[in-house]
Amino acid sequence: MQNLTLTWQSAGGTAVALYGGAYVSARVRKPALSALLREAGTLLALFALWQLVGHLSVMSADHALDRASWIHRTELAIGLPDEASWQAAITPYPVLVRLANYYYASMHFGVMLLVLLWVFLRHRERYAWVRNTVVITTAVCLLVQFIPVAPPRMLPQNGFVDVAAEYGQSVYGGAVGGVVVADQLSAMPSVHVAWCVLAAVAVIRVARSPFRWLMVLHPVLTVAVVVVTANHFWADGIVAVAILCFAYAVLALTARRRGRSSVETEDRPRSGSDARTSRTEKVT
C-alpha cells in the first residue's frame, strides 16, 4: 500500500517549494496567498521532521522491543485492557481490518491539514492558537521519540498481529535482512492520537455549529484504529494527550503574561512631553 502520509523527503521538498511560493507571492504583493503558502510549508516541515526522527535516535534501537514489552506488561499490571484482545475481536472481519488500515494511513495528516486550512481561511483570528499548539505538541513528541520504542505489531509473542502487512496495506518498509528499519521505532508517544485530539478540540472551540461535536468521532475512531492495527499501546496515546495538555498550558500562560504586560504598559506613568500634554488637557 502506498504511504499516504508522505515520506520525510517528499514532505520536506514540498515544504521548501511552498516557502519559495510564499516568498514569490510576497514579492508580487499577494500577502494572503503568501501567508497561506508559508503556513502550509510550516506544517509540512513539521511533518517531515516527525518522519525523519523515525530514522534517528539518541539511544540504541537494540532495546526498543524490550521497552515495548515493558509497556505492555505495565498496562496489564495496572488494569488497562489488553490491546491484543481488542485486535483479536476484529481480525475475523476483513472489511473492518482493511478500513482500519486505510484510516490509519490517510486520516492522520489529511484531517489536520483540512482543519488548519479551515481555521486559516474562516477564522484567521484563532489560527495562531491552533498552529502554535500543533508546533509545541509535535516538537515535544519528537523529543520523546528520539528514544526508540517498538509498536505492538512487532510483538507477536504477546499476541499481536501486523494486520497491515498481512493485508498488503503497510505504510512502513519491512525488515531488511532480519533487521527492523529505524523508522518503525517511534511509537511512543502517538502523534496520531495527539493530532486527532488537537483537531477535535480546535473545531469544537472555534466552530459555532451544533454539528461541531461530530468531530469527537475522529479521536474516538483514531484511538480505536491505532489499537486494533497494533500500531500503538494505550500508553502511547495517554502520553500524547498529556503532551497536548502541556502545550495548552504553555499557550495559556503565555497569553496571561502578555495580557498582564499590556495592562502594566497602559498603567505606567507617562513622562516628559506626554505628561505635560496630559496636564494641559486637564487644565483645558
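The figures here come from the full heavy-atom set of this structure, side chains too, leaving out hydrogens, waters and symmetry mates.
One N or O on the side chain of His192 and one on the backbone of Tyr104 form a donor-acceptor pair closer than 3.5 Å. A donor-acceptor pair under 3.5 Å is absent between the side-chain atoms of Tyr23 and the main chain of Arg38, judged by distance alone. Checking side-chain atoms of Gln87 against main-chain N and O of Val228 turns up a donor-acceptor pair under 3.5 Å. Looking only at distances, no side-chain donor or acceptor of Thr137 sits under 3.5 Å from a matching main-chain atom of Val134. In this structure, Arg153 contributes its side chain and Asp162 its backbone to no donor-acceptor pair below 3.5 Å. Side-chain N or O atoms of Glu75 include none that pairs as donor or acceptor with a backbone N or O of Asp82 at under 3.5 Å.
Thr138 and Trp195 are linked by a side-chain donor-acceptor pair at a separation below 3.5 angstrom, with hydrogens and angles left out of the test.
Using a 4.5 Å heavy-atom cutoff, the side chains of Val203 and Leu214 are not in contact.
Residues satisfying the side-chain hydrogen bond (donor to acceptor under 3.5 Å, both in side chains) test with Asn132, not counting sequence neighbours, are none. With sequence neighbours left out, Asp236 forms a side-chain hydrogen bond (donor to acceptor under 3.5 Å, both in side chains) with His232.
Counting only residues at least two apart or in different chains, side-chain hydrogen bond (donor to acceptor under 3.5 Å, both in side chains) contacts with residues 116-129 comprise Glu39-Tyr127.
Taking the six-membered ring for Trp, His108 and Tyr103 have ring centres at least 6.0 Å apart.
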